[in-house]
Amino acid sequence: MMNYKFILAGIACALLFASNSQAAVRGSDHDLSAGGTAQATTSATTEVCVFCHTPHGSNTAVSAPLWNKASPATAYTRYSDLGTATLDGSEVTVGSVSLACLSCHDGTQAMDVVVNAPGSGGWAAAGTEIDAVAISAMTNTGGAPIPMLGTDLRNDHPISIAYAGGGCGVGVDPCTPSTGATADRDFNDAQHATINGNSQWWIDVASYDSTGDGIRDATGTADTREKSDMILYTRDFTGVDGPSVECGSCHDPHEETARPVSFLRIANTNSDVCLACHIK
């Protein structure tokens, strides 16, 4: 006899799992639509993805998939302007995926400025606001320079900087700074692969705390680039492509799990985020 209670229970579990698996952005701090928990939200649209992405007419000046925001016309003060003697990696212009993050997080334009607004006929290269009344530029509360980083990045981790002092690049594979084969020995080895004809680098994370409870309860796949790895982004350093540290190296904008900090690729239990790259 068919057990309908068992079947219904299975369907319920499947629906619950499907709902949870799709909730990383919807309802999160990166959701500016009604129902989100972003700093400001609007009832003008129920679309969640439109604040960052568009299927047509995207901004190709930013190295992020189908980017829907205008690029900030901003001059940034860099970490290197501190004059620290321990910084040995070459820098390139702030760009790549970091420019996508800064298009909100530098506070120079409203968070809802998009190139292609919801509906028909809403495209504008310079960008327009979805809801100028409800949403403005990102701000900080309590006096802390987080999450609005501003244009002075001296008090933030370096971005658009060559990994491991610049010793990794095309032709240096594997990249093994930890053994002294390349560049700065205070960094862990970087993995390299050619994907769709393009060089990709990342730092393998073997095991990690997925929830922030202090227990390493998840395992990564060796030699395979995954969301839980520290992703390095390909940039041109004086004519040679190499791995660059960007905002997205440590942060995943689609991962809302509080660990306790949201949008980290893994929990920073025992400084795991830091020690994935740095040997200390």
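Everything numeric in this text was worked out from a predicted model, so none of it was measured. If you read the sequence from its start, that first residue is 1, and numbering goes on from there.
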Closest heavy-atom contact between [X] and [Y]?
X	Y	value
D186	K280	OD2-NZ, 4.1 Å
V245	S249	CA-OG, 3.6 Å
S43	A34	CA-CB, 4.1 Å
D112	A132	OD2-N, 4.0 Å
R216	S207	CD-OG, 3.6 Å
N268	D272	OD1-N, 3.2 Å

Return the [atom1] to [atom2] distance between [X] and [Y], rounded to the nearest 0.5 Å.
X	Y	atom1	atom2	answer
E256	D29	CD	CG	5.0 Å
L264	C250	CG	SG	7.5 Å
N196	N198	CG	CG	6.5 Å
H251	H254	NE2	NE2	14.5 Å
L149	S98	CG	OG	10.5 Å

Taking C-beta and beyond as the side chain, do [X] and [Y] meet within less than 4.5 Å on heavy atoms?
X	Y	answer
V94	L102	yes
Q39	T139	yes
Y79	L153	no
E226	T221	yes
D184	P177	no
V273	I266	yes
I279	N188	yes
N140	P147	yes

Next item on the list: Tell me, with the steps shown, if I203 and L232 meet side chain to side chain contact (heavy atoms under 4.5 Å, CB included).
Entry: CA-CA 8 Å; I203 310 301; L232 301 171; 3.9 Å; yes
Residue list, salt bridge (Lys or Arg N to Asp or Glu O under 4.0 Å) with [X], at least two apart or on another chain:
X	value
E129	none
R78	E91
D131	none
R265	none

Checklist line | Qualifying salt bridge (Lys or Arg N to Asp or Glu O under 4.0 Å) pairs with a residue from residues 145-162, counting only residues at least two apart or across chains | finding: D152-R154
Notebook entry, point to check: Does the pair K227/D252 count as a salt bridge with the N-to-O cut at 4.0 Å?
Noted result: yes
Margin query: Check this for me: does any side-chain nitrogen of one of R225 and D204 sit under 4.0 Å from a carboxylate oxygen of the other?
Written below: no
Among Ile, Leu, Val, Met, Phe, Trp and Tyr joined by side-chain contacts under 4.5 Å, find the other residues sharing a cluster with [X] and list them by chain and number.
X	result
V50	L32, F51, M111, V114, I130, I135, M138, M148
Y233	V97, W202, I231
V240	none
F237	V92

Margin query: The test is side chain to side chain contact (heavy atoms under 4.5 Å, CB included); show your working for D241 and T234 and say whether it passes.
Written below: CA-CA 6 Å; D241 282 349; T234 303; 3.9 Å; yes
Notebook entry, point to check: Applying side chain to side chain donor-acceptor pair (under 3.5 Å), which residue pairs with at least one partner in residues 48-59 are found, sequence neighbours left out?
Noted result: T54-N116, N59-S71
Notebook entry, point to check: Can you find a side-chain donor-acceptor pair between D217 and Y208 that sits under 3.5 Å?
Noted result: no
Next item on the list: Please identify each residue that fulfils side chain to side chain donor-acceptor pair (under 3.5 Å) with T45, with sequence neighbours left out.
Entry: none
Note to self: Tell me which pairs pass ring pair (Phe, Tyr, Trp, His ring centres under 6.0 Å) where either residue lies in residues 257-280, with sequence neighbours left out.
What the structure shows: H30-F263, F187-H278
Next item on the list: Take S33 and V48 through the test side chain to side chain contact (heavy atoms under 4.5 Å, CB included) and record every step on the way to the result.
Entry: CA-CA 6 Å; S33 71; V48 177; 3.8 Å; yes
Checklist line | S244, S160, S90 screened by side-chain hydrogen bond (donor to acceptor under 3.5 Å, both in side chains) with R235, the one that passes | finding: S160
